[in-house]
Amino acid sequence: MSQATQQDAATGVIESVSGPVVTARDLDARMNDVVYVGDEGLMGEVIEIEGNITTIQVYEETSGVGPGEPVENTGEPLSVDLGPGMLDAIYDGTQRPLDVLEDKMDSAFLDRGVDAPGIDLEKEWEFEPTVEVGDEVSAGDVIGTVEETVTITHKVMVPPDYEGGEVTAIEAGEFNVEETVAELDSGEEVSMHQEWPVREARPSVEKRTPTKPLVSGQRVLDGLFPIAKGGTAAIPGPFGSGKTVTQHQLAKWADADIVVYVGCGERGNEMTEVIEDFPELEDPKTGNPLMARTSLIANTSNMPVAARESCIYTGITIAEYYRDMGYDVALMADSTSRWAEAMREISSRLEEMPGEEGYPAYLAARLSQFYERAGYFENVNGTMGSVSVIGAVSPPGGDFSEPVTQNTLRIVKTFWALDADLAERRHFPSINWNESYSLYRDQLDPWFEENVTEDWSEIRQWAIDVLDEESELQEIVQLVGKDALPEDQQLTLEIARYLREAYLQQNAFHPTDTFCPPEKTYLILTAIKTLNDEAFDALDAGVPVEDLVSLESAPQINRIGVQEDYEEYVADIKEDITEELRGMY
Amino acid sequence: MKEYQTINEISGPLVYAEVDEPIGYDEIVEIETDDGRTLRGQVLESNDGLVAIQVFEGTSGIDRKASVRFLGETLKMPVTEDLLGRVMDGTGQPIDGGPEIVPESREDIIGAAINPYSREYPEEFIQTGVSAIDGMNTLVRGQKLPIFSASGLPHNDLALQIARQASVPEDEEGDDEDSSEFAVVFGAMGITQEEANEFMDDFERTGALERSVVFANLADDPAVERTVTPRLALTTAEYLAFEKDYHVLVILTDMTNYCEALREIGAAREEVPGRRGYPGYMYTDLATLYERAGRIQGREGSVTQLPILTMPGDDDTHPIPDLTGYITEGQIYVDRDLNSQGVQPPVNVLPSLSRLMDDGIGEGLTREDHGDVANQMYAAYAEGENLRDLVNIVGREALSERDNKYLDFAEDFETEFIDQGFETNRSLEDTLDIGWDLLSQLPKSELNRIDEEFIDSYYVEDEGEAVEATAD
Ligand SMILES: Nc1ncnc2c1ncn2[C@@H]1O[C@H](COP(=O)(O)OP(=O)(O)OP(=O)(O)O)[C@@H](O)[C@H]1O
Ligand SMILES: [Mg+2]
């Protein structure tokens, strides 16, 4: 804002400062307005108004800021800039591009009081209209396209709050995002730039029941606990159990069109890893660099806590925007617990009445509002799009009974429970197959049966039964030892061992094993099933179980994961196993 | 600068004073007492007309007549390369009788966050000479890898062994003294004089003191000061690493004492406590320390952190280890059982983890088979360890031949691989070769986590037979 007079009207004075929470008096503001705080103009948001006192959460460090300094209101709610340029970008929690900040601050360290728009306002894009003069368009409609990255065609849409009307002017050409690309007879002008308040879901026509899986290339997920496109999932687990690796795996290999990855209050190096790896990795769908479909939001643990609170909203709003274009978007939030803690921290500075474990009473409501923004949607413009949300949860002490885990589990439909014991044994991904579940399983089976194999659910059920039996038997083994079990049960344990080692385990760091298409997931199961069937036949024929658990051919099953030409390999294994076993009787 | 004699409340480590000018959050305060002592503190909260001050040295001796001066700036650390070789107290005042420190610059100790975009991913292997670490939980430059220990365990010996032996093998140009030198910044918080001596003596004995900067807040020093000490240490480390190109190893001990100090301040402010009475913001607070490790693009140096903490009641779900583990890039567990068995260093590798290992090892970085060997040893040790409970119940005879092999493996893994002594410096080659000796006790078909190619080149053929022969 440049005019001094205008400033005065909306300017208040700081009354108190306590960490990220600042109060101001005489500020004329509405809830959630964005304000600039102090002489340095730190960005903040109004979160409480009481009489003449306005409470603000500040998105930057407040050291040295003191009472008496001015507060300026922008009169706008916290919003994100939407338009081409959000892919291949990395933002902080308030959508400031971190590369631009590095440039502007001329430092590797984050300074204060520097602002930058979420998308480059000067860059010119090649705009291609998809409607003509005379066409009738309404809010949400696509009027043209821009090649945003090699992978993604950005759809330029009439903003949702527009009236719409007949197109009176539209032209192909090079435009920056602020220039008008179309005029409507309503007098409205459409540019490639929209803004949207982050705390408000973008409108849609309706939510539908999802029927397609978000194929992740992770055996235990696709095979046992699939998530739908438009579904929700939670990954709770103690530190070091594999939440981030699982989220990264999904960001890399999930068959979404767009990935929004929100690093919320976690490690700096984990974000750096994504920034360094993703441009090099190939999108399994298109072969293009993964970064071309990815938008990153990095508000690490040491960055301001209020911006951590907002980063989740920034992420989901960007996701919704691409959904509106008809894309399948997957959003990963690592970790929603840090987000909840940010709420708690701010709430306690406000001296609000604490709920369970000090979290604010509105924790459950905020969590469900967030996950409710996921779904398979019919968009306002008639297209279908989805937002899948996968949230990591970091329960204190690894105890799932705490409020964030519990409130999340009440909402999400897929639960991938990470297990410290499995992680200690280096069983990765350490997803506990007894505790985890997916409520999408039945509604996704038809897709797998149609697109992968007819007996998808049948063979899965077989595997689940064996694993269930194993956990029962293990309890006995712990008391009496394996040898005390009847022979058939000993054999079951051996089969279950292969299920664990060859099927459930998957090495995220192996170049081939890191991504396992559903066909391969299925074939691994069939190899183990062959071993099972042949070995039980042999047992029936009188072959002693000691011989059955020390086969020469069976250990090859554990190497299917790392094979590129797995089809041939699996066929050979099945042949070898059959031959070896049948030769024994 | 205005002086106030307006203290109206003193409570625990906090002093409340009335002011008639705006005072900034985090600003530094000097309080002069009746008897002429000057205490330092920091503004914790600034309300129109009233400020809450946290006094580093504690509030004893302060009365309402004490005078309060606000210095108009946040706490700064005077930094210079000349700090190397110096010993300071927990607030950064030299206590070694050395010359006055002439700073090159004064840096805010709060430390701005590194822009994640500006970081460089750490992947340069540091050889510590400790098999449990190098082989199984590899440390890399720029990592933050805490030692999770408990009272009465030799975590200091391990930390010292690492500090002494840490090197980067095969320095590219072949010259030992490459352009970046190695430095140690040691931040002690509330440790005993005896423990401090243990470190100082070792630094002196090995000549490490010359390339070390020591900040010592001892057990009888004021607790509140402990919230400042690690920040002074890290500010110094960042300066040496990112301005002066040093590879800095920061040892912070004991983080548990630091967290106790946080809890004390929180309680004095009557804040709503989080888990077990620790402040709800402890995760964020610890992150502002631990995240000050790393590498930055275009800078030579690095900050590697080795914080030490003692887990109250040996419990790793306690908020201090728990929140630490959620922030750091892995952890090394020092184990009471292994210690009582006399294993040195008593590192339990199973719950230990180095998250940056995967990208820091392998062909061209360490050795091609490193990752596979580590994976296989983990799995095998876990399996053997798992069987131990069962053996106690049913005896070894009731176990299969396969199970017995795993039990032997677990045994040998502890005595041959882990128990190397605090003075032995093993090369990575040695570490991996010992690993292969142990793995070769198992049949090849069990080594399903190792690439067949590596089995062909490294598996020790006669080993398996030899063991089999003795087992019969
Ligand atoms: N699928 C996997 N394959 C191989 N290794 C894995 C896999 N998943 C996890 N790991 C190992 O476990 C380590 C810890 O995983 P990760 O960083 O994802 O834990 P986390 O649950 O996110 O912990 P935190 O809560 O502390 O962030 C990794 O560094 C890696 O070594
Ligand atoms: Mg993580």
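Chain identifiers are assigned alphabetically (A, B, ...) following the order of the sequence lines, protein sequences preceding nucleic acid strands; residue numbering begins at 1 within each chain.
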Decide yes or no for [X] and [Y]: does some side-chain heavy atom of the first lie under 4.5 Å from some side-chain heavy atom of the second?
{"X": "B:P116", "Y": "A:M303", "value": "yes"}
{"X": "A:S18", "Y": "B:Y25", "value": "no"}
{"X": "B:R119", "Y": "A:I275", "value": "no"}
{"X": "A:N507", "Y": "B:N375", "value": "yes"}
{"X": "B:L399", "Y": "A:K482", "value": "no"}
{"X": "B:Q331", "Y": "A:F239", "value": "yes"}

Exercise. Which of these passes side chain to side chain contact (heavy atoms under 4.5 Å, CB included) with B:N115: A:T272, A:L110, A:T300, A:D99?
Worked result: A:L110
Exercise. Testing A:E424, A:R425, A:H427, A:R426 for side chain to side chain contact (heavy atoms under 4.5 Å, CB included) with B:Y378, which one passes?
Worked result: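 The side chain to side chain contact (heavy atoms under 4.5 Å, CB included) with B:Y378 is passed solely by A:R426 among A:E424, A:R425, A:H427, A:R426.
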Which atoms of [X] approach chain B - backbone, side chain, both or neither, heavy atom under 4.5 Å:
{"X": "A:R559", "value": "side chain"}
{"X": "A:P396", "value": "both"}
{"X": "A:P555", "value": "side chain"}

Using every non-hydrogen atom in the two residues, find where [X] and [Y] come nearest and quote the distance to one decimal.
{"X": "B:R355", "Y": "A:G240", "result": "NH2-N, 3.0 Å"}
{"X": "A:G397", "Y": "B:D322", "result": "N-OD2, 2.7 Å"}
{"X": "B:T74", "Y": "A:G64", "result": "CG2-N, 4.2 Å"}
{"X": "B:I393", "Y": "A:Q478", "result": "CD1-O, 3.5 Å"}
{"X": "A:S107", "Y": "B:S118", "result": "O-OG, 4.3 Å"}

Looking only at the side chains, is there a donor atom on one of [X] and [Y] sitting less than 3.5 Å from an acceptor on the other?
{"X": "B:R449", "Y": "A:Q505", "value": "yes"}
{"X": "A:E501", "Y": "B:N448", "value": "yes"}
{"X": "A:R308", "Y": "B:T284", "value": "yes"}

Do any N or O atoms from the side chain of [X] and from the backbone of [Y] form a donor-acceptor pair under 3.5 angstrom?
{"X": "A:E341", "Y": "B:Y283", "answer": "no"}
{"X": "A:E357", "Y": "B:R275", "answer": "no"}
{"X": "A:R267", "Y": "B:T328", "answer": "yes"}

For this session: Compute both the distance and the angle, then confirm whether A:R338 meets the cation-pi test with B:Y326: under 6.0 Å from the six-membered ring centre, within 45 degrees of the axis.
Result: yes
Side chain from CB out, backbone as N, CA, C, O: work out which of these in [X] comes under 4.5 Å of a heavy atom of chain A, or both, or neither.
{"X": "B:R292", "answer": "neither"}
{"X": "B:D359", "answer": "side chain"}
{"X": "B:Y381", "answer": "neither"}
{"X": "B:R299", "answer": "side chain"}
{"X": "B:E238", "answer": "side chain"}

